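Here is how names work: the chains are called A, B, and so on, in the same order as the sequence lines, proteins then strands, and each is numbered from 1. As the structure is a computational prediction, the values presented were derived from the model and not from experiment.
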There are 2 protein chains.
Amino acid sequence: MAAKDETPYVETVDTSYLETLVGYNARRAALFVIGNFMERMAVFDLRTVDFSVLSLIHHNAGITSRQLCSHLNILAPNMVVMLNGLERKKLVERRPHPLDGRATGLHLTAKGQSLMVEAEAAAYQLEMDSTSRLTTTERNTLVRLLKKIYK
Amino acid sequence: MAAKDETPYVETVDTSYLETLVGYNARRAALFVIGNFMERMAVFDLRTVDFSVLSLIHHNAGITSRQLCSHLNILAPNMVVMLNGLERKKLVERRPHPLDGRATGLHLTAKGQSLMVEAEAAAYQLEMDSTSRLTTTERNTLVRLLKKIYK
DNA sequence: TATTGTTATACTCTATAACTATA
DNA sequence: TATAGTTATAGAGTATAACAATA
């Protein structure tokens, strides 16, 4: 510790105040899990946001760009660029929407489907690894409490 | 629902798969809380990252730039720009480090201190509001489980 | 030789305005 | 008139390389 009346300095940083905040802890936990996620998804050449988009298309064949945007909090112009990339990689294809001539329905290609089956299996394994210090009950409790905040 | 053999479309988006993932839920909860945080801190003309930096300096007088960087996951060149801004606003001042001639110790000005007393009180109130659907016990459990993931 | 702070710069991500075609 | 998709572009945030001063 620095003596009184002199310019103080810090040996070990005290983060106890920030650690009382839910937002701080949720952000750090999210960054930790997502950091692992990014590493693991690099094998599939997918970013976190690519995974989210492809996963929603996977489980919602024919979803529109607009629906993706509102559920993932992505702006329409940025979604266009992302979908162009995924289409270029032959993972996604755009088809005309059967009911609305303005819209386009999004679908996974065969390549996209087999990729996502693998990627979602890897994601499950990763989730288990990232939360390995939690019991199954704790993990369920955590997810339940997090949903209570934002839903 | 779309009939068989025709191009399918989506009426209500199914997000149940993504919602099983801790990372997805932690990120959404963090974005919700931090979104409220940003709104409330706008009165003080502070971004989330400014609050974190000022709070760490507040509770660690004399902390170095490098120590801030490692605890907040910010790169040194970007921290310099941030600290220049906070110094220009007369919230922070840099003093020579008493032991290491290369380093500079960071300190809140009187203005910075009174701002942070107010801002931290507002942050506490905001935390309570953002997690109002949780009981005190649930809130403590949530923080404990989040820490178990990243610490 | 390694570390702290710094400058300059590149890159990615996010946001805004405006256009087109369909409803 | 409003909405879905798109283009172009601006701005914020993040990352890399290189340098001076000090350890």
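Separating the NE2 atom of A:H97 from the C1' atom of C:dA23 is a distance of 13 Å, rounded to the nearest angstrom. Atom NE2 in A:H71 sits roughly 14 Å away from atom P in D:dA4 (whole-Å rounding). D:dA8 atom P lies 11 Å from atom CG of A:N84, rounded to whole Å. When the P atom of D:dG13 is taken as reference, atom CG of B:L72 falls 15 Å away, rounded to whole Å. As rounded to whole Å, 13 Å separates atom P of D:dA4 from atom CG of A:L106. For B:L68 and C:dT6, the CG to P distance is 12 Å, given to the nearest whole Å. As a whole-Å value, the separation of A:N78 CG from C:dT14 C1' is 6 Å. Rounded to whole angstrom, the span from the CG atom of B:D50 across to the C1' atom of D:dG13 amounts to 13 Å.
Put simply, the side chain of A:D100 and the base of D:dA4 share no donor and acceptor less than 3.5 Å apart.
Comparing B:S65 and A:N73 by the nucleotide of DNA chain C that holds the closest heavy atom to each, the one mapping nearer the 5' end is B:S65. Residue A:I63 is the one, among B:R102 and A:I63, whose nearest nucleotide of DNA chain D lies closer to the 5' end (criterion: closest heavy atom). Where A:L75 and A:L99 each meet DNA chain C at their nearest nucleotide, the meeting point lying more 5' is that of A:L75.
Between the side chains of B:H107 and B:Q113, no donor-acceptor pair is found at a separation under 3.5 Å. Donor-acceptor pairing under 3.5 Å is recorded for the side chains of A:N25 and B:Y150.
Side chain of B:R47, nearest nucleotide from D:dA4, D:dG13, C:dT4: D:dG13. Listed candidates were D:dG5, C:dG5, D:dT16. Nearest to the side chain of B:P77 is D:dT16. The side chain of B:V80 lies closest to C:dT7, out of C:dT7, C:dT14, D:dG5.
When heavy atoms are screened at a 4.0 angstrom cut-off, B:A103 is found touching the sugar-phosphate backbone but no base atom.
A close approach under 4.0 Å does not occur between any side-chain nitrogen or oxygen of A:T64 and OP1 or OP2 of D:dA4. Phosphate contact (OP1/OP2 of C:dT6, side-chain N/O of B:R94, threshold under 4.0 Å): present.
Of the charged side-chain nitrogens involved, none lies within less than 4.0 Å of a carboxylate oxygen, so that A:E138 and A:R133 do not count as a salt-bridged pair.
Exactly one of A:L106, A:L68, A:N60 qualifies for a side-chain contact (heavy atoms from CB on, under 4.5 Å) with B:V10. That residue is A:N60.
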As a quick check of understanding, evaluate side-chain contact (heavy atoms from CB on, under 4.5 Å) for B:M79 and B:R66, giving each step before the final call. CA-CA 9 Å; B:M79 182 61 79; B:R66 197 128 224 324; over 6 Å; no
